[in-house]
K.L.:
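Before I ask anything, here is the structure I am working with.
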Number of protein chains: 4
Amino acid sequence: MAPGSSIGGAEDPAAQVSESEAEQEPVPQRLLTAATRLFAERGFETTSVQEIVDAAGVTKGAMYHYFGAKDDLLYEIYARILRVQTARMERAVDSAESIQQRLRAVAVDVVVTTVTHLDDTVIFFRSMHLLHPDKQAEVRAQRRHYHERVRRLIEEGQSTGAFRSDRSAELVVDFFFGAVHHLGFWYRRDGPMSGQQVGEQFADLLLDSLRPDSSG
Amino acid sequence: MAPGSSIGGAEDPAAQVSESEAEQEPVPQRLLTAATRLFAERGFETTSVQEIVDAAGVTKGAMYHYFGAKDDLLYEIYARILRVQTARMERAVDSAESIQQRLRAVAVDVVVTTVTHLDDTVIFFRSMHLLHPDKQAEVRAQRRHYHERVRRLIEEGQSTGAFRSDRSAELVVDFFFGAVHHLGFWYRRDGPMSGQQVGEQFADLLLDSLRPDSSG
Amino acid sequence: MAPGSSIGGAEDPAAQVSESEAEQEPVPQRLLTAATRLFAERGFETTSVQEIVDAAGVTKGAMYHYFGAKDDLLYEIYARILRVQTARMERAVDSAESIQQRLRAVAVDVVVTTVTHLDDTVIFFRSMHLLHPDKQAEVRAQRRHYHERVRRLIEEGQSTGAFRSDRSAELVVDFFFGAVHHLGFWYRRDGPMSGQQVGEQFADLLLDSLRPDSSG
Amino acid sequence: MAPGSSIGGAEDPAAQVSESEAEQEPVPQRLLTAATRLFAERGFETTSVQEIVDAAGVTKGAMYHYFGAKDDLLYEIYARILRVQTARMERAVDSAESIQQRLRAVAVDVVVTTVTHLDDTVIFFRSMHLLHPDKQAEVRAQRRHYHERVRRLIEEGQSTGAFRSDRSAELVVDFFFGAVHHLGFWYRRDGPMSGQQVGEQFADLLLDSLRPDSSG
DNA sequence: AATGAATGAGCGTTCATTCAT
DNA sequence: GATGAATGAACGCTCATTCAT
């Protein structure tokens with residue numbers, strides 16, 4: 001992978017304030033930021049490499065020094081959001097709360113993360129098919145890992161009676177994350193609801209379907 | 001191109017009725033069918049007009065005779081599935097059944113229709129942003145019309161007490177249709193579940209969230 | 001293969017004298033002529049497609065309408081000279097002359113043909129390795145076919161005693177054609193010797209090695 | 001390439017002792033060895049500087065430290081083989097043997113040297129035109145010097161009656177060396193004949209053409 | 001002596017669309 | 001209605017070379 005493409009990175013603890021004019025960020029980050037915005041605005045295939053490097057203030061040669069191909073940018077965008085969401089989900093799942101609270105935390109969190117990185121999500125589901133098959137497989141595997149962890153959480157709740165058992169855990173997961181992944185099609189950050197609010201309500205809807213039926 | 005390399009295949013094992021020699025379908029339909037398959041397989045941007053006309057067994061000139069541009073094909077694919085789904089939804093909504101039964105029918109039906117025309121759905125959500133803005137607006141308006149009709153159905157149920165009122169009808173609609181529109185990412189027609197089965201379970205999950213709470 | 005790429009072509013039986021200004025020749029021929037000159041002048045990799053189409057007075061699009069890739073031009077240049085040389089060799093080999101006269105005719109002819117199409121020959125041996133492997137294999141097979149026909153002619157002469165038998169027919173063929181294929185490195189059409197003269201002398205040298213030894 | 005395959009040969013026959021870990025050879029040689037192999041395998045134009053330095057285990061900066069440009073590598077490869085062949089030819093020509101034996105020794109030797117350094121020869125005749133004109137002129141002059149020395153040897157034999165005089169010494173030289181220079185197109189080191197065997201037979205063919213005619 | 005990030009010009013190729021026929 | 005040759009602009013990518021370190 002390209003150097004400097006880490007995401008969370010706590011680099012630069014010291015303040016290097018004095019950088020007189022240009023490059024605040026390393027080149028790979030600048031490219032990723034520019035690409036994310038442009039891909040979300042006009043689509044992957046409709047954005048030229050020239051537009052990306054112009055927006056990032058570098059040359060094509062520099063880009064190809066760090067990324068092997070245009071769709072490596074796509075891959076990095078995916079990998080980045082996937083890494084963030086997986087790490088957060090695992091923290092929530094493994095917490096000491098009740099199972100309802102843990103599932104609710106996962107649900108709220110994935111909505112909040114999704115709307116925070118809405119561009120990445122939009123790009124992801126619009127353009128995954130344009131990724132090189134090998135990288136596509138990697139991304140799918142990682143996504144599947146995420147879903148399966150959540151499915152096991154639900155099954156755990158079903159086995160203890162915390163959740164009703166006559167709902168397919170797998171289908172509930174596909175249903176819920178389908179709804180989440182579709183947020184990019186309608187959610188507006190400048191609209192009436194915060195990500196947190198949507199997350200709470202989505203969590204309600206998810207838990208509605210798993211609450212043990214008083215009549216059964 | 002070699003003579004006889006047309007796509008429909010001149011095999012004619014028996015006499016399939018009166019179609020004496022060539023074209024089973026009119027040219028525009030053949031083009032739409034070919035385009036749908038190719039767009040779903042490899043994406044709109046990645047499919048060339050040449051590939052479409054080859055697959056349809058016609059020439060470029062013929063295509064431009066019927067369609068003003070490549071993205072007119074996209075528009076027609078959208079319009080077609082939208083017309084079908086809207087008509088079916090309206091029939092279900094306006095039936096004489098109970099409101100629960102009507103909402104359930106709508107839910108099952110949109111899932112069944114979606115998986116029946118999975119290619120169209122996949123193309124739709126992947127490529128809508130590539131459509132000419134004017135046509136994109138038309139498509140969005142039609143989609144909104146659909147969602148709003150269903151939202152009003154839910155609100156009607158909430159006002160009569162058939163559905164619980166502490167769920168936002170609008171959000172429930174976005175949530176549910178989000179899940180439905182995402183089917184293309186995981187549903188496989190050759191998998192274990194029929195469209196009808198998924199539809200029934202999705203309907204269960206939708207109604208779970210609207211069933212009046214026995215405790216409140 | 002591209003339309004109109006035949007070489008000997010007896011087309012144009014009628015005299016179309018009146019063509020007022022431009023295109024004397026069909027586009028594919030114009031491209032091949034321009035490419036041959038440029039490849040010989042500066043090499044295949046050093047000549048850009050843009051230079052070729054400019055020299056031919058057409059656009060890139062037109063070129064790619066007739067040739068699938070830049071190296072299809074190379075292939076056509078090879079195939080053209082190979083076709084000509086093979087046809088002429090076969091005519092000479094199958095004539096009614098004595099075997100010495102037939103071999104001499106082949107030898108003279110391949111030299112004459114080579115210096116007549118010296119550009120093609122130079123390009124051929126300089127750039128064959130840049131051809132797509134599949135096409136390279138085709139070209140090699142055709143070349144081998146040529147060599148083997150001549151080898152059999154020599155073996156025929158050896159079996160009848162017309163040629164001495166203690167020279168390897170195969171090696172003689174490789175030796176002689178090696179010398180011929182190298183003509184492009186030193187022969188100058190504006191130099192002191194005509195192709196016919198070089199051909200006669202090369203033929204002498206070839207036959208020197210096959211003349212039955214008076215002492216053995 | 002295996003250690004010890006250097007061209008001048010007498011280095012370190014015993015004592016490969018103290019080379020503790022890495023670089024057996026100095027950087028320029030490593031680059032030349034890598035470049036030779038790659039140019040022969042895929043051609044000069046098709047081999048990137050990056051590939052060469054990777055194969056040599058150095059960086060681009062190191063290469064440009066020793067060689068002014070990519071085609072300096074080409075020039076060095078030419079100069080190297082030319083130096084070797086010229087030195088060996090002069091030794092043979094100036095020996096005390098009969099003129100027939102001296103010409104034969106030259107002929108055998110150039111074949112043996114050529115197949116021993118077949119990669120260099122292949123590169124030479126494929127890519128000489130890509131060399132900077134000045135360096136190309138140097139190389140041609142050196143090559144001409146070689147040919148002329150051999151031509152004078154033949155003329156010497158013709159003037160003494162050792163060789164027949166009705167063959168053009170110049171043409172015989174072009175003919176013979178043409179055949180030799182073409183060895184790279186068909187000779188395989190893993191084939192049935194050793195370089196020595198091919199050399200002997202090539203020498204026979206050369207001398208066949210110069211043997212005084214018993215009938216004239 | 002050696003690094004490797006960065007340049008910048010140029011490459012082969014694609015492709016939606018047009019238009020004379 | 002339909003053809004298919006031709007356009008022309010743009011595309012992703014390569015690469016020899018430079019240069020601050």
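Every chain is numbered from 1, with letters handed out A, B, ... down the list of sequences. These numbers were taken from a predicted model, which means no experiment stands behind them.
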K.L.:
Sort out for me which residue in A:Val122, A:Ile81, A:Asp119 forms a side-chain contact (heavy atoms from CB on, under 4.5 Å) with A:Thr36.
P.N.:
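When A:Val122, A:Ile81, A:Asp119 are each tested with A:Thr36, the side-chain contact (heavy atoms from CB on, under 4.5 Å) holds only for A:Asp119.
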
K.L.:
Looking at A:Ile52 and A:Ala34, what are the two nearest heavy atoms and their distance?
P.N.:
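Heavy atoms only, the tightest pair is O-CB, 3.9 Å.
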
K.L.:
Does D:Arg42 reach the main-chain N or O of D:Thr47 with its side chain, forming a donor-acceptor pair under 3.5 Å?
P.N.:
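No: the side chain of D:Arg42 does not pair with the backbone of D:Thr47.
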
K.L.:
Is any side-chain N or O of A:His65 closer than 4.0 Å to OP1 or OP2 of E:dA6?
P.N.:
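For E:dA6, OP1/OP2 do not have a side-chain N/O of A:His65 under 4.0 Å.
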
K.L.:
For B:Tyr75, what residues pass the ring pair (Phe, Tyr, Trp, His ring centres under 6.0 Å) criterion, not counting sequence neighbours?
P.N.:
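Partners of B:Tyr75 by the ring pair (Phe, Tyr, Trp, His ring centres under 6.0 Å) criterion come out as none, since no residue qualifies.
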
K.L.:
Tell me if a side-chain donor or acceptor on C:Arg126 pairs with a main-chain N or O of D:Met128 at a distance below 3.5 Å.
P.N.:
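No.
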
K.L.:
Using a cut-off of 4.0 Å between protein heavy atoms and nucleotide atoms, how would you tag nucleotides 10-18 of chain E 5' to 3' with B, S and -?
P.N.:
BSBBBBBBB

K.L.:
Rounded to whole Å, how long is the line connecting atom CG of A:Leu38 with atom C1' of F:dC11?
P.N.:
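Rounded to the whole Å, the gap is 16 Å.
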
K.L.:
From the list E:dA6, F:dT7, E:dT7, which nucleotide is the closest neighbour of the side chain of A:Val27?
P.N.:
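Of E:dA6, F:dT7, E:dT7, E:dA6 is nearest to the side chain of A:Val27.
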
K.L.:
To the nearest Å, give me how far apart CD1 (D:Ile52) and P (F:dT14) are.
P.N.:
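Result: 17 Å.
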
K.L.:
Have a look at D:Phe67 and say if it touches a base, only the backbone sugar-phosphate, or nothing, with a 4.0 Å heavy-atom cut-off.
P.N.:
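Nothing: the residue D:Phe67, judged by heavy atoms under 4.0 Å, touches no strand.
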
K.L.:
Could you tell me the separation between the CG atom of D:Asp54 and the P atom of F:dA16, rounded to a whole number of Å?
P.N.:
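Distance, rounded to whole Å: 12 Å.
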
K.L.:
Starting at CZ of A:Arg30 and ending at P of E:dA5, how long is that distance when rounded to a whole Å?
P.N.:
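Those two atoms, CZ and P, are 15 Å apart.
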
K.L.:
Is it true that a side-chain atom of D:Ser127 and a backbone atom of D:Leu130 form a donor plus acceptor pair closer than 3.5 Å?
P.N.:
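A pair under 3.5 Å: no.
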
K.L.:
Nearest to the side chain of D:Ala62, heavy atoms from C-beta on, is which of E:dT7, E:dT3, F:dG4?
P.N.:
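In terms of side-chain proximity for D:Ala62, the closest of E:dT7, E:dT3, F:dG4 is E:dT3.
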
K.L.:
Taking the side chain as everything from C-beta on, heavy atoms only, tell me whether B:Tyr78 gets closer than 4.5 Å to B:Leu74.
P.N.:
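Side chain of B:Tyr78 against side chain of B:Leu74, heavy atoms only: contact under 4.5 Å found.
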
K.L.:
Measure from the side chain of A:Tyr66, starting at C-beta and using heavy atoms only, and say which of F:dA6, F:dA2, E:dA6 lies closest.
P.N.:
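For A:Tyr66, the side-chain atoms sit closest to E:dA6.
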
K.L.:
For DNA chain E, what dot-bracket results from Watson-Crick or G-U pairs at under 3.5 Å, with [ ] for crossers and | for inter-strand partners?
P.N.:
.||||||||||||||||||||

K.L.:
Between A:Asp72 and A:Phe67, is there a donor-acceptor pair closer than 3.5 Å when you use the side chain of the first and the backbone of the second?
P.N.:
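Flag not set: sc A:Asp72 to bb A:Phe67 has no pair under 3.5 Å.
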
K.L.:
For residues C:Val53 and C:Val58, determine if any side-chain heavy atom of one lies less than 4.5 Å from a side-chain heavy atom of the other.
P.N.:
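Yes, their side chains come closer than 4.5 Å.
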
